[in-house]
S.K.: 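For reference, the structure I am asking about is given below.
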Amino acid sequence: MKYITTISEREYTVEILGPRQVSVNGKLYDVDFQSISGQPVFSLLVDGGSYQAAVFPGEEDTLQVLMRGALYVATVEDERERRLKSAGGAGVAISGEYILRAPMPGLIVSLPVTDGQEVKKGDVLIILESMKMQNELKSPRDGKVTRVQVKAGDSVEQRQTILGVET
Amino acid sequence: MKYITTISEREYTVEILGPRQVSVNGKLYDVDFQSISGQPVFSLLVDGGSYQAAVFPGEEDTLQVLMRGALYVATVEDERERRLKSAGGAGVAISGEYILRAPMPGLIVSLPVTDGQEVKKGDVLIILESMKMQNELKSPRDGKVTRVQVKAGDSVEQRQTILGVET
Amino acid sequence: MFNKVLIANRGEIAVRIIRACRELGMHTVAVFSEADRQALHVRLSDEAYPIGPAPSRDSYLRMDKILDVAKKSNAGAIHPGYGFLAERSDFSQACEDEGITFIGPRASAIAAMGDKAVARATVLAAGVPVVPGTEGEGSLSDEDLLRLAPHIGFPLLIKATAGGGGKGMREVRNRDEMPSLLNAARSEAQAAFGDGNVYLEKLVEGARHIEFQIMADMDGNTVHLGERECSLQRRHQKLLEESPSPFIDDDEGFRQVMGEVAVKAAKSVNYANAGTIEFLVDKDKNFYFLEMNTRLQVEHPITEEVTGFDIVTEQLRIARGRQLGITQDQVKMKGWAIECRINAEDPYNNFLPSTGLISHLSVPTGPGVRVDTGVYAGFQISPYYDSLISKLVVRGESRAQAILRMRRALEEYRIVGVKTNIPFHQRLVEQARFIAGNFDTRFVEERFSLEKAEAGKEGYPEIAAIAATLVAHEQTERSAHIIARGKRDTSNWKWVSRWERMHR
Amino acid sequence: MFNKVLIANRGEIAVRIIRACRELGMHTVAVFSEADRQALHVRLSDEAYPIGPAPSRDSYLRMDKILDVAKKSNAGAIHPGYGFLAERSDFSQACEDEGITFIGPRASAIAAMGDKAVARATVLAAGVPVVPGTEGEGSLSDEDLLRLAPHIGFPLLIKATAGGGGKGMREVRNRDEMPSLLNAARSEAQAAFGDGNVYLEKLVEGARHIEFQIMADMDGNTVHLGERECSLQRRHQKLLEESPSPFIDDDEGFRQVMGEVAVKAAKSVNYANAGTIEFLVDKDKNFYFLEMNTRLQVEHPITEEVTGFDIVTEQLRIARGRQLGITQDQVKMKGWAIECRINAEDPYNNFLPSTGLISHLSVPTGPGVRVDTGVYAGFQISPYYDSLISKLVVRGESRAQAILRMRRALEEYRIVGVKTNIPFHQRLVEQARFIAGNFDTRFVEERFSLEKAEAGKEGYPEIAAIAATLVAHEQTERSAHIIARGKRDTSNWKWVSRWERMHR
């Protein structure tokens, strides 16, 4: 099974050759990969090197790998997916609507944007109070604010939709 | 729901009156009983007193309650069970065959008894080596050894039947 | 003399106090909100009583309910911990009125130090240097503050009179932005402390935040237990503290000068029990009184580790009327201690707080490591309270050993289910400037970027690629089979559905 | 000078050594048997290599495989921990032959002290008092031993020449029972150490077991780090140790006399690195050399806690050729430390070892508590190795504080999935004789009964009855419903089937 795995814009071709062997960009590695305690924590022996990795789903179908105190954000595609995607043309992932959901339950302290407003990547979309802190949630991209579903003073549940940003 | 719960040969009539109320021998208690982390560890608030109890199944359908550093071995019967039992006559639990099973995987170092031999309560039935220790397994009652299924030098799996003691 | 103590708090500090009581053979009474029925302080206490709904104002801030529990349970004393009611003089007074020992200073001392403006005036009168600012009496209007600001000079800080922990604090670079910042500070202070009063203070640039631990008995015997370096902060929240301060280090003369001033400040309000004098120190070793925290401090363990002095135990003894067990010349700092505050927040996403169920927990242990915590595997981190999960404290013979020990402890610490700032600390303690002890209160915000720190490291991207690919591969394989429904339900693991979403 | 260390061990001690290496910035290489792929030492090490099947003789006792891994991984040194190959002079020699630093004494010192009979002769020649016994050279036949026994006098002990930890040890009350006990001791010694040789020793009645920690550098500078009281044993296995010994306590003169003799004993074999001299002490303060353990000791942490001296770190430094960091007069014991060995065994069922999956784990933390452990929630305790799960160590300013702290730590410690001896320790530290420090090596076996200790306590039987009834009630309710199959499968909890069995 062959995968293209991207970390920090660098591509790694990872081929799973057997239960204990993979290759990365053609280089062979002995690998012993085990889940610990039924948790998304793994013990990984690669050519004798011992690594502990926590692997979590991240934003937009990435996998976050936390290992030796550093975070690696990875996208894993299998060859078939990859071919389909390149046939369909690049840039697909960028378009469409970004939906901002409340990352935790809390209180909307302020909502500095309005429906239809143009925002830049990094602009504050809302300020949410939770765990006694005021937290600014920022736009991950340039775009236009759509479908604002809350107002200042509202309490929101975790994962509740707050607004969208359309490119 | 009314239960007769026996600890150290003393009987407690425990009646469950509601989600937060029980009576023990007629005395009312406010009770808040919660399982922790989905484990057999419980936090129990009784009239404001806070107790942590680990509750495990013990031998012969007892429940072992480990709490504030002491072990309580309890038998819980509901009223109906209890009535049936007393109708059927006492002493039933004592008769029959005791089956000795290996409490852990290990090696049978020695087997000082033979089929048909009479043993007293406390007599050593086998010596099992496990975790680098030689462990003596003793007879819980007087009786006759039956159905010896292993010999010295055998490796046994956990729960494997070793022999019986018949009264 | 009391033998049963009610702990009017939650989380790691409630656990800390319960442990101290237990080690003195005292009984403990916990109180808990609806969100905290399964909290560790409830499980570990001898008694525990509910005091209301999850929001603090309905539970942990309700003096009336807490006093009711104290009376019902015959608790002879109340320990307020930090936060919540710890610095409310009316609570201290109410306890006294009910004949319950308040484990902390007298109401008058809390009141004097609690209004930061009054506090500054009081210590100034006692000869303690203060940061230039509005040392008026009590509340000043926006108009007054705007008028006084140019006399102090910009940049300056707006600070909550009632507050602490950076809440209701704003930095002002010029007069124009001041009105809106005053507004924001007041509303934050109102929300956090129920008191919107603020004051102004000169911003000392390049400053270090160094504080002295004070212990005083009821007879006025007062000692300091040396200093703590607390300059590493983000949004005025301390993140990593150490004792001694690398800035003072072996300048014992300077330490004693500051310590004596700290004792003088405490004595100016007839202080009793544990307290902390916070100073700003500039690069020329000028130092200014900032405020006094009239309570146990979050970071008290590092002082315990270097002095060998159990501060919470001593608080209980002092409250029982005992004299201080030590004199100033018996206080010796030995070795070095560092504390990292482990918060449920995502260091890769603007330190956004993180809630959820802790599904797995591996706590670092071994020589020289101490963890003060209020959580366990299976505990739910709720959004109602602050994000402090635990305090990871290490001690070493030297600062270098303590740093290396902290690194290994951070690497061992595994918390699954919520995001934590552990990676932030891992990178922070690797920074050359941290190792050199060369930082001020702006370091974290202005000179340290987690992303840049990681980009600068060599790292193991191939290994990460292997891990990610194998996880994804396993999920593909799994989703190709029919998976028993029950297996999914009881798993904390969201990959299957994620994977299905990807392949939809 | 080496910078990469192979740890030829497993469990808590392997983790302890990895931590020390990490705190010195050294790289680590773990080895593991098939049963230990997921063990903590494998997870925490920088590198890890398999060395064979689960039984020790096929893995952790295989010098050849371990040396292969050392060479393959370019490890410059090997730390043997305790047990396994730690006291095999041929292993120390083999390392030297391969140019790999053995972190421990020279092969000659191990050999001299490893044959207990030779050891006794050697130290006797150096003027160290020994327990009367067969100080012959090497192996004696049963015939010889039976002939010598009456000269020593009964009661006496048969002890394994190669051994330690009570294995291959038998107590002999008279000549008649001696042949069969010799047989048993030899076969146990053969199984445990691959060496069936035994020797005889007078049994000192009412004796305390007190040992001195020795540190020596390669230049022969030798100090002792004070004593450890190890009298609380069961079947010659230590269960609870403390430092200082309450028997020596503040008799500094006696401590120094014993310490000097211990140093003399170590010097008699040109000892280098960490070692322990064990003494028997009778009630009149006569003391006898028992044996020297030429390795790191299980109970080393209590010495670390009272002296502030990191023994494992110092072992690594000494092995690198560094001189001892301290002189004898710099060694100060401060406060009191106690260690409880937490074993996977059932104290209510004849201390039968317990295996299984640790489904839940809550480790005690907070001030003065240290846990050295090799397990975590989700780890499987296998039957292949000893039953030591972890060491719970506390320190306090005084013995009384340490005892109270140990009590609260034991009460906090939760291990679910295997039985442990925690309740045993909880009862032990409550005993009046323990608190008074009034016990000898027979105390646990002859004067302490867990059942009697519990029967003597008031306890909470009503609360236990409520807990048991509610659990049983919940199970009845549950079994009355149809339970999703998957839910059952993933539960570690066996009640449902138990309940079904009951109601069949």
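Only this structure's heavy atoms are used, side chains among them; waters, hydrogens and symmetry mates stay out. Bear in mind the structure is a predicted one, so any value in this text is a computation, not a measurement. First the proteins, then the strands, lettered A, B, ... as listed; each starts at 1.
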S.K.: State whether the number of non-hydrogen atoms from other residues, nucleotides or ligands found under 6.0 Å of B:Glu157 atom CD is greater than 12.
M.R.: no
S.K.: Working to the nearest 0.5 Å, report the span between CD of D:Glu345 and OG of B:Ser130.
M.R.: 11.5 Å
S.K.: Which answer fits B:Lys27, side chain, backbone, both or neither, if we ask what part of it has an atom under 4.5 Å from a heavy atom of chain D?
M.R.: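 Contact with chain D is absent: no heavy atom of B:Lys27 under 4.5 Å.
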S.K.: Quick one: closest heavy-atom pair of B:Ile7 and D:Pro461, and the distance?
M.R.: CD1-O, 3.7 Å
S.K.: Of the non-hydrogen atoms in B:Tyr3 and D:His473, which two are nearest, and what is the gap between them?
M.R.: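 Looking at all heavy atoms of both residues, the shortest contact is OH-ND1, 2.7 Å.
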S.K.: Can you name the nearest heavy-atom pair linking D:Ala472 to B:Val76, along with the distance?
M.R.: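 Result for this residue pair: CB-CG1, 3.7 Å.
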S.K.: What part of D:Asp386 gets within 4.5 angstrom of chain B, counting heavy atoms only: side chain, backbone, both, or neither?
M.R.: both
S.K.: At a 4.5 Å cut-off on heavy atoms, which part of B:Gln64 comes close to chain D: side chain, backbone, both, or neither?
M.R.: side chain
S.K.: Where does B:Leu71 contact chain D at under 4.5 Å (heavy atoms): side chain, backbone, both or neither?
M.R.: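 Contact with chain D involves both backbone and side-chain atoms of B:Leu71.
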S.K.: What closest approach, in Å, do D:Phe351 and B:Asn135 show between heavy atoms, and which atom pair accounts for it?
M.R.: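 Looking at all heavy atoms of both residues, the closest pair is O-OD1, 4.4 Å.
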S.K.: Using a 4.5 angstrom heavy-atom cutoff, name the option from B:Ala74, B:Ala53, B:Pro105 with the most pairs to chain D.
M.R.: B:Pro105
S.K.: Under 4.5 Å from any heavy atom of chain B, what part of D:Tyr385 do you find: side chain, backbone, both or neither?
M.R.: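 Interface part for D:Tyr385: backbone (N, CA, C, O).
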S.K.: Tell me, side chain or backbone of D:Ser382 under 4.5 Å from chain B's heavy atoms, or both, or neither?
M.R.: backbone
S.K.: Using non-hydrogen atoms and a 4.5 Å limit, figure out which bit of D:Leu388 sits close to chain B: side chain, backbone, both or neither.
M.R.: neither
S.K.: Nearest 0.5 Å please: distance from the CE atom of B:Met1 over to the CD atom of D:Glu477.
M.R.: 7.0 Å
S.K.: To the nearest 0.5 Å, what is the distance between CD1 (D:Ile466) and OG1 (B:Thr5)?
M.R.: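 Nearest 0.5 Å value for the CD1-OG1 distance: 10.0 Å.
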S.K.: Given heavy-atom pairs under 4.5 angstrom as the criterion, report whether the side chain, backbone, both or neither of D:Phe424 touches chain B.
M.R.: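 Neither part; nothing is under 4.5 Å.
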S.K.: Does any N or O in the side chain of D:Arg427 come within less than 3.5 Å of the main-chain N or O of B:Gly69, such that one atom is a donor and the other an acceptor?
M.R.: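 Yes.
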S.K.: Relative to chain B, which segment of D:Ser56 carries a heavy atom at a distance below 4.5 Å: side chain, backbone, both, or neither?
M.R.: neither
S.K.: Measure distances from B:Ala70 to the heavy atoms of chain D and classify the residue's part below 4.5 Å as side chain, backbone, both or neither.
M.R.: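 Answer is both: backbone and side chain atoms of B:Ala70 are under 4.5 Å from chain D.
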S.K.: Sort out for me which of D:Ala464, D:Gly459, D:Pro423 touches chain B most, counting heavy-atom pairs under 4.5 Å.
M.R.: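 Among D:Ala464, D:Gly459, D:Pro423, the one with the most close pairs to chain B is D:Ala464.
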S.K.: Any chance you could measure D:Arg414, atom CZ, to B:Gln39, atom CD, to the nearest 0.5 Å?
M.R.: 12.0 Å
S.K.: Any idea which heavy atoms bring D:Tyr460 and B:Tyr51 closest together, and the distance?
M.R.: CD2-CE2, 3.8 Å
S.K.: With rounding to the nearest 0.5 angstrom, report the CZ to CG distance, B:Phe33 to D:Leu470.
M.R.: 5.0 Å
S.K.: Below 4.5 Å from any heavy atom of chain D, which atoms of B:Ser37 appear? Answer side chain, backbone, both or neither.
M.R.: side chain
S.K.: So which part of D:Ala453 gets closer than 4.5 Å to some heavy atom of chain B, the side chain, the backbone, both or neither?
M.R.: neither
S.K.: So for D:Ala465, is it side chain, backbone, both, or neither that comes closer than 4.5 Å to the heavy atoms of chain B?
M.R.: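 Both backbone and side chain of D:Ala465 come within 4.5 Å of chain B.
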S.K.: What's the spacing between D:Glu462 CD and B:Asn25 CG if we round to 0.5 Å?
M.R.: 7.5 Å
S.K.: Under 4.5 Å heavy-atom distance to chain D, tell me which part of B:Leu128 shows up: side chain, backbone, both or neither.
M.R.: neither
S.K.: Could you tell me whether the side chain of B:Leu63 reaches within less than 4.5 Å of the side chain of D:Val471, counting heavy atoms only?
M.R.: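 Contact flag for D:Val471/B:Leu63 side chains = yes.
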